[in-house]
Visitor: 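One structure coming up, written as structure tokens, with questions to follow.
Everything quoted here is computed from the prediction, not taken from an experiment. Below, read A as the first sequence line, B as the second, and so on, with proteins coming before strands; counting in each chain starts at 1.
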Amino acid sequence: MVSEGIASALSGDRWLEYQSPFRHLRATNVFRRQTYEALELNFKRCLKESGGTEGGQNHNSGTRYDAWMMGITPATAPLFYPLFSREWHDLISDLTGVRTTGHIDGGLHHHRVGSANGWIHNDLCIGWFPGPCEANDIALSDHVRCNYSTGVFRDPHVQPVCVVRSVALIFYLANSDWAAGFGGETCLYETPFENIESASGKVPPINNSLVIFECSPYSYHSFQSNSRIERNCIVLWAHSTSETVSAKFGNTSIGRWS
Amino acid sequence: MKRVCVVTGAAGKLGSSICKRLSSDYNILGVYHRNLPEQFDSQLVRSFDPLNCVGGEWDASTYLVKADLRKANELKKIVEVCLARFGKVDLLVNAAADVRFHGDLKYAWKYLAEAQDQLLLNTVVPVLLASSFFEHFWKRDVQQNRQFNRNIINVSSVSGLNIYAGLGQGVYSASKAALNYLTCHLAAEYEPIAVRANAVCPVNFPGGIATEVVVDEIVRIDSSNDSGKVFLLNEDGSRTTN
């Protein structure tokens, strides 16, 4: 049963379920105007306050994903309601048919014009959290208390929990009007060996739209370089236990951070 | 029992409109090549209400197959999938088309390969696809063909009827003119097995006429007894040209 809060936030438009190149969901005009405008306003405010729009290089955690990124924390999560709520977590869990634990890792991503192509990957990898998730709540990753990639922690009260990314969501917002040829799409592939610009499916970064997919050994995707306009989005990963994922895909499929 | 319709060019403006219109009354096999059509529910894309989503399989009346119709083995695949899924075909709508204007014929040597491709897709493929359905299905039971009013509708163009000089559409125009003649030959040669064949030649759409008008005409031809006719379809309606 979807909560009243979620129901009143959604626009009521129908969503699309695709089976190719792997099962994924797409939706445009996702939220009602008021909800979308609040999300966009808060995104822009966070981007500005943390220097994401200043000159210089994109800040990123690795060398392959050319973006400025800001993690969602318990303090910032309410700014982006309903995306980081238990109701939303349960909705995407139901829609994808994935049994998830309530652990959520999320962030704001900003690609300057001319950001480099990403790489083809599937997102099926482990993530560390400072503790278990309470019933009917969510547990956000906290990179300060417990390193999401390595599980390293300093606080002796932390009892790290290792789970696996199992659902990915990208919500596009705060972008200029997009047109074909502008780039910035989320590209979807059948195999990891394809030319990065010859995707089987492309999801354009149109405001108030989203793509959701189960992270599997076959959910190959990448960011495509944005040649004309900035590209902004909120990303979110829900997680499952490693037992759940291993039972479905085999434990050798789960990646670790390198 | 629902009629079964095969629509080529299902991702195009006309093809997708045909699929959308006919999906309530027909089982449809839509053939697309490059872009996945998402305007109607199929086994590859479906719309749903996120607030009232019942999981599991769904039974779309439109089934999509990706195929390059210029390749013989892919033509065969269409026939096999259609017969395996629906067990018959009652209506074949050849709506796939290469609508490029290659330019002045004096420079045809520069676009020989593209011209050959266009002639193959626009002119030869409709005949080959019909021939494949004849070979694997229609030749088996003339009585059934008559009972289900089976027929072929080739989507041609007004460019196959008139000469529009100076637009560089020589090859395109010839491909559609040849399709019109082949349609009449198809009608004559399929008459003994009670399968009808007609062509419709719309003016440009959705500019000159609405795409829905072309769909209406296809529905009308399908339900009629016409055969061997080439219909001009313009702002004044439809009329026979032969």
Side-chain angles (χ1 to χ4, degrees), chain A residues 1-32 35 82-83 87-99 167 169 171 180 187-188 190 198-204 206 208-214, chain B residues 7-13 15-17 19-21 23-24 27-69 71 74 77-78 81-82 84-86 99-100 206:
Chain A
M1 185 67 184
V2 178
S3 75
E4 277 185 31
I6 295 287
S8 62
L10 288 170
S11 72
D13 283 9
R14 292 174 73 79
W15 293 16
L16 292 172
E17 176 178 4
Y18 286 70
Q19 297 296 332
S20 176
F22 51 86
R23 182 173 179 263
H24 64 279
L25 312 177
R26 299 188 198 187
T28 54
N29 192 33
V30 176
F31 295 115
R32 288 179 198 272
T35 303
L83 292 173
E87 303 99 298
W88 187 261
H89 166 274
D90 291 350
L91 176 69
I92 64 174
S93 174
D94 287 346
L95 293 179
T96 53
V98 179
R99 190 147 41 96
V167 179
L169 178 150
F171 177 74
C187 294
L188 312 177
E190 290 171 344
S198 305
S200 304
K202 291 188 177 187
V203 184
I206 293 170
N208 202 12
S209 70
L210 60 71
V211 58
I212 302 174
F213 55 86
E214 179 179 13
Chain B
V7 181
T8 67
K13 278 179 294 201
S16 58
S17 297
C19 292
K20 207 168 182 177
R21 169 78 77 82
S23 62
S24 55
N27 284 317
I28 297 174
L29 183 81
V31 185
Y32 71 102
H33 183 202
R34 291 191 179 86
N35 302 315
L36 177 64
E38 58 184 45
Q39 301 91 331
F40 44 85
D41 285 2
S42 70
Q43 90 283 12
L44 295 176
V45 193
R46 70 157 175 168
S47 64
F48 67 96
D49 176 358
L51 298 178
N52 294 294
C53 179
V54 180
E57 297 295 314
W58 69 93
D59 184 25
S61 64
T62 302
Y63 195 81
L64 293 175
V65 177
K66 183 173 183 170
D68 181 350
L69 293 170
K71 295 178 178 165
E74 305 225 350
K77 179 173 81 176
I78 301 306
V81 170
C82 180
R85 184 160 185 83
F86 300 119
V99 296
R100 289 175 297 172

Visitor: Just checking B:K77: does its NZ atom have more than 12 heavy atoms from other residues, nucleotides or ligands closer to it than 6.0 angstrom?
Guide: yes

Visitor: Does B:R21 have any side chain to side chain donor-acceptor pair (under 3.5 Å) partners at least two apart in sequence or in another chain, and if so, which?
Guide: B:E212, B:D216

Visitor: Taking everything shown except A:K202 itself, do over 12 heavy atoms lie less than 6.0 Å from its NZ?
Guide: yes

Visitor: I need the minimum non-hydrogen distance between B:P50 and A:L91, along with the two atoms involved.
Guide: O-CD1, 3.5 Å

Visitor: Could you grab the distance from atom CG of A:L16 to atom CG of B:D41, nearest 0.5 Å is fine?
Guide: 8.0 Å

Visitor: How many angstroms lie between atom CG of A:L95 and atom CZ of B:F48, to the nearest 0.5 angstrom?
Guide: 5.0 Å

Visitor: Strictly by salt bridge (charged side-chain N to carboxylate O under 4.0 Å, His left out), give each pair with a member in residues 19-29 of chain A just once, sequence neighbours left out.
Guide: A:E17-A:R23

Visitor: Does CZ in A:R32 sit with more than 12 non-hydrogen atoms of other residues, nucleotides or ligands closer than 6.0 Å?
Guide: yes

Visitor: Residues two or more places apart in sequence or in another chain: which of them pass ring-ring contact (aromatic ring centres under 6.0 Å, His included) with B:F86?
Guide: none

Visitor: Check A:Q19 against B:Q43 and note the closest heavy-atom contact, atom names and distance.
Guide: CG-O, 3.3 Å

Visitor: Only heavy atoms, only distances under 4.5 angstrom. Which residues in residues 28-38 of chain B are near chain A?
Guide: B:L36, B:E38

